[in-house]
J.: 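Take this structure first; my questions come after.
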Amino acid sequence: MSDFSRTTVTAALIYANGPIHIGHLAGCYLPADIYVRYLRLQKKDVIFVSGTDEHGVPITIKAAKEGKTPQQVVDYYYKEIKDSFEKFGISFDIYGRTSDPVHHQVSQEFFLKLYNEGKFIEEVTEQFYDEEAKQFLADRYITGDCPSCKQPGAYGDQCEKCGTTLSPTELLNPKSALSGSKPVLKPTKNWFLPLDQWQPELEKYINSHPEWKSNVTGQVKSWLQEGLKPRAMTRDLNWGVPIPLPDTEGKVLYVWFDAPIGYVSMTKQLTPEWETYWKAKDSRIVHFIGKDNIVFHCLIFPAMCMAHGGYQLADQVPANEFMNLEGDKISTSRNWAVWLHEYLVDFPGKQDVLRYALTASSPETKDADFTWADFQTKNNSELVAILGNFVNRAFVLIDKNFGSVVPPKGEGTGLEVDLMAAVSDIPAKLAVALENYKFRDALVLAMEIARLGNKYLAEAEPWKIMKEDSAKAGTVLNYAVQLVAQASIALEPFIPFSAQKLRSALGMASFEWSSLGDFELISAGTVLQNPGLLFEKIEDEEVQKQVDKLTQTKTQMELATKAVPALKETIAFDDFAKMDIRIGEIVAAEKMEKSKKLLKLQVNDGFVTRTILSGIAEHFAPEDLVGKQVTFLANLAPRKMMGIESEGMILMAEDSDGSLALVQPNKQIWNGGTVN
RNA sequence: GGCGGGGUAGCUCAGAUGGUUAGAGCGUUGGAUUCAUAACCCAAAGGUCGGCAGUUCGAUUCUGCUCCCCGCUACCA
């Protein structure tokens, strides 16, 4: 760390199509903020850059749904997101956005340089095109019937009903989401970055950072092992950064091409020395991200930088895992989340409590779980009982016994020597933890100051010695005040609002890291302004309300998903008559090798035993199926799966919870019996 | 199935390039105390470090196999 003259800290660009929740905060913004605040305390040269990512297909879809323009959508969320971050004290030096003209210009220049130097491969591929809307359709813009579950409304990249991953050409009856017309395949040119060519250099880069977290290198190495492939850096879309080349109307840069450049373009808006922060050899770049962004920050962006030349590569990418909520994955679409803007309403002025609780169980090495019970405990047993209580004791004792004036320090005893020795260990340990991105550990260390304070007061008992030796009691309280002052510095990165309150109560004008361990911070005679209670107990009812709120949304969502699916279009009798549905007996069943979902069934259809593959391995044990009669579609065109031909389809009834049941005749039927 | 991450005290999580009594916070129990938001302070209990084998003088830490959870990925006609 000492080899670098300045640090450029980025936090992931968040996608501007919704509000933010605790998962975002815990994932990267809070750790990044703690890190940056620490560096500022150290008087280091550091900038903290982030913003919203405002391009890409989901935003255009959201806009279309709400009858707004994409710009209106991102304007709204940019403001809301920026506001939430500000209120939680995430201290960005600049919070930018990728729809900014400066961003467009910087990313276009970046693209052009690669283009002019022949770093791209031009390739023409066939994509769906909407002739009515006169534009190419991104995967999400094509809907149709899912080839897997047959339900309508599947998207070109996946069916949300059954979760199957799709490619647009697989959809049955594809339709354009724009005009409803049937799209046609049409050739289009795109520019690919040949990641495969950069693989050796990327490997060298990754291998030069053995200190990276195992979850980061693990995922990166898994990609490298499979071999990188050229990746399109442009898309056929109207919303985004236009490609700065002639005859490219309707084409924009791929969001993951322009988004990381956003860090750079935002820096450019922050300072005229922006290039120094990104290109100088003594600039250290740190990307804070969530685990879903690892590949883009550790492989694709570095490859872009290598192709461009001149840019420094990230020195650290401390990616966090995910924060779960009450045992379940946080999900925007299921509304399973604690939204920051709602928290601010329910717990006004308690930003530090959430910051503390999230940091204390931060998903640094594995997915973590946020529970309201834990939130309450962290507040009541740690913030209130340890820190708040210590601070309150110090202030109240001085108010009562010395009229709120800090008493002078007399000769110390063994207690003071022990105290100073114990405190003197903390700054170095704390610095090591913070510099190694161990924020959970760091928080415990910072709180140690308050713990030592409580212990010191309990042992020194100033309220007792006050009667016989008020000077000695004054000494004790002076030491206590110095501890409060130090706590305000050590805790500043974690709970900045409370730290600030303490500093103004103590009349501290300036504060810096080097003051930790200094017991002369507050001079005798200083008049204290008792800040009142720093933290309040959170009662059971308050957290219960939050839990209820969550359970309520959960049952609502369950009800919603339990809705009986809509009826399909009416069909003619002839359409039905085409289907040859029959009864057969499963005579053998086994699990398909190498498949999680497929069972290989041998079905006696009255003539022969035919092989039918069925994706029900997660619902039925093979041995339970043998001997059972089932209904199956006999004249479905055979289809090869995992090397084996499937001759038909077993009919299944699906229950509201997603479980499956065989469709069986209510008495034994001869094999081959028809169903009409 | 493949790849990656993880399975350590009641809970949330650390840690060990293999070596004497495996740690923290919270929770629990007991004690002390009253300056303090029934808070603080002291102490104790609590773990065959997912399972089985192997390497080793010695493994919870290394290797192999196996079970379970999470993520990505192929398969659901």
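Note that the coordinates shown come from a computational prediction; the quantities given were computed from them, not determined experimentally.
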J.: Considering only side-chain heavy atoms of A:A385, which listed nucleotide, B:C40, B:U37, B:C13, is closest?
T.: B:C40
J.: Could you give the distance separating B:A59 and B:U63 at their P atoms, to the nearest angstrom?
T.: 16 Å
J.: Please figure out whether A:I650 or A:A458 has its closest RNA chain B nucleotide nearer the 5' end.
T.: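 Nearer the 5' end of the strand: A:A458.
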J.: Expressed as a whole number of angstroms, how long is the span from A:K400:NZ to B:A36:C1'?
T.: 8 Å
J.: So, for A:Y437 and A:Y35, is the gap between ring centers shorter than 6.0 Å?
T.: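 Yes, the ring of A:Y437 comes within the 6.0 Å limit of the ring of A:Y35, centre to centre.
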J.: Would one find a side-chain N or O of A:K221 under 4.0 angstrom from OP1 or OP2 of B:G4?
T.: no
J.: Just compare B:U37, B:C13, B:C35 and give me whichever is closest to any side-chain atom of A:W463.
T.: B:C35
J.: How far does the C1' atom of B:G31 sit from the matching atom of B:A45, given to the nearest Å?
T.: 14 Å
J.: A:I386 CD1 to B:A38 C1': how many Å, rounded?
T.: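 Roughly 15 Å, once rounded to whole Å.
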J.: Of all the choices, B:A24, B:U12, B:U34, which nucleotide is nearest to the side chain of A:S361 once you look at every atom?
T.: B:U12
J.: Looking at side-chain heavy atoms only, is the closest gap between A:R582 and A:D605 below 4.5 Å?
T.: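 In short, these two side chains do not touch, never coming nearer than 4.5 Å.
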J.: When you measure from the side chain of A:T377, which nucleotide among B:U34, B:C41, B:C26 comes out closest?
T.: B:C26
J.: Between A:E536 and A:K350 (salt bridge meaning N to carboxylate O under 4.0 Å), is one present in this structure?
T.: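 Looking at A:K350 together with A:E536, the answer is yes, because their closest N to O distance falls below 4.0 Å.
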J.: Quote, to the nearest angstrom, the P distance that separates B:G6 from B:G15.
T.: 10 Å
J.: Could you grab the distance from atom OG1 of A:T631 to atom CG of A:L651, nearest 0.5 Å is fine?
T.: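 Output value for this atom pair is 5.5 Å.
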J.: Using the side chain to side chain contact (heavy atoms under 4.5 Å, CB included) rule, pick out the option among A:L452, A:L457, A:I449 that qualifies with A:F390.
T.: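 The side chain to side chain contact (heavy atoms under 4.5 Å, CB included) with A:F390 is passed solely by A:L457 among A:L452, A:L457, A:I449.
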J.: Using the C1' atom on both, measure B:G25 against B:C70 and round to a whole Å.
T.: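 About 25 Å, rounded to a whole number of Å.
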J.: Strictly distance-based, threshold 3.5 Å: is any side-chain N or O of A:N478 a donor or acceptor partner for the main-chain N or O of A:V406?
T.: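 Not at all, since once roles are kept as given, no pair shorter than 3.5 Å links the two residues.
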J.: Considering only side-chain heavy atoms of A:K291, which listed nucleotide, B:G5, B:G71, B:C41, is closest?
T.: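 Shortest atom-to-atom distance from the side chain points to B:G71.
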J.: Taking only the side-chain heavy atoms of A:N392 (C-beta and beyond), determine which of B:A39, B:A36, B:C26 contains the nearest atom.
T.: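 For A:N392, the side-chain atoms sit closest to B:A36.
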J.: I want to verify a distance call: between B:C41, B:C35, B:C75, whose nearest atom is closest to the A:L598 side chain?
T.: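 Among B:C41, B:C35, B:C75, the one nearest the side chain of A:L598 is B:C75.
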J.: Counting only side-chain heavy atoms from C-beta out, which of B:U37, B:A36, B:C41 sits nearest to A:K537?
T.: B:U37
J.: A:E461 near the nucleic acid: base, sugar-phosphate alone, or nothing, with a heavy-atom cut-off under 4.0 Å?
T.: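 Since no nucleic acid heavy atom lies under 4.0 Å of A:E461, the category is nothing.
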J.: Between B:C13, B:C41, B:G27, which one does the side chain of A:S381 approach most closely?
T.: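 Of all the options, the side chain of A:S381 is nearest to B:G27.
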J.: What distance, rounded to whole Å, do you find between the two P atoms, one in B:A38 and one in B:A44?
T.: 27 Å
J.: Send over the distance from A:D418 CG to B:C42 P, rounded to a whole Å.
T.: 13 Å
J.: Find the distance A:K467:NZ to B:C35:P and express it as a whole number of Å.
T.: 7 Å
J.: Watson-Crick or G-U wobble partner for B:C41, using a 3.5 Å limit on both distances?
T.: B:G31
J.: Using the C1' atom in both, what is the distance from B:U56 to B:G64, to the nearest Å?
T.: 16 Å
J.: Only pairs with both distances under 3.5 Å count, Watson-Crick or wobble alike; so what is the partner of B:A9 in this structure?
T.: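 Its partner is none (no Watson-Crick or G-U wobble pair with both distances under 3.5 Å).
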J.: Which listed nucleotide (B:C35, B:C41, B:U37) is nearest to the side chain of A:R393?
T.: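 Minimum distance to the A:R393 side chain belongs to B:C35.
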J.: Find the distance A:F375:CZ to B:C11:C1' and express it as a whole number of Å.
T.: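 After rounding, the gap between these two atoms is 18 Å.
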J.: Could you give the distance separating B:C11 and B:G46 at their C1' atoms, to the nearest angstrom?
T.: 13 Å
J.: Could you give the distance separating B:U60 and B:U8 at their P atoms, to the nearest angstrom?
T.: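 Here B:U8 and B:U60 have their P atoms 16 Å from each other.
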J.: If you assign A:F322 and A:E459 each to the RNA chain B nucleotide with the nearest heavy atom, which residue ends up on the more 5' nucleotide?
T.: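 The answer here is A:E459.
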J.: Taking atom C1' of B:U37 as reference, at what distance in whole Å does atom CZ of A:F395 sit?
T.: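 For the pair A:F395 CZ and B:U37 C1', the rounded distance is 15 Å.
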J.: CD of A:E326 versus C1' of B:C11: gap in Å, rounded?
T.: 13 Å
J.: What about A:F347 and A:F375, are their ring centers closer than 6.0 Å?
T.: yes
J.: Between B:C11 atom P and A:D369 atom CG, what is the distance in whole Å?
T.: 13 Å
J.: Considering every strand shown, what is the Watson-Crick or G-U wobble mate of B:G1 when both distances are under 3.5 Å?
T.: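 Answer to the pairing question: B:U73, which forms a Watson-Crick or G-U pair with B:G1.
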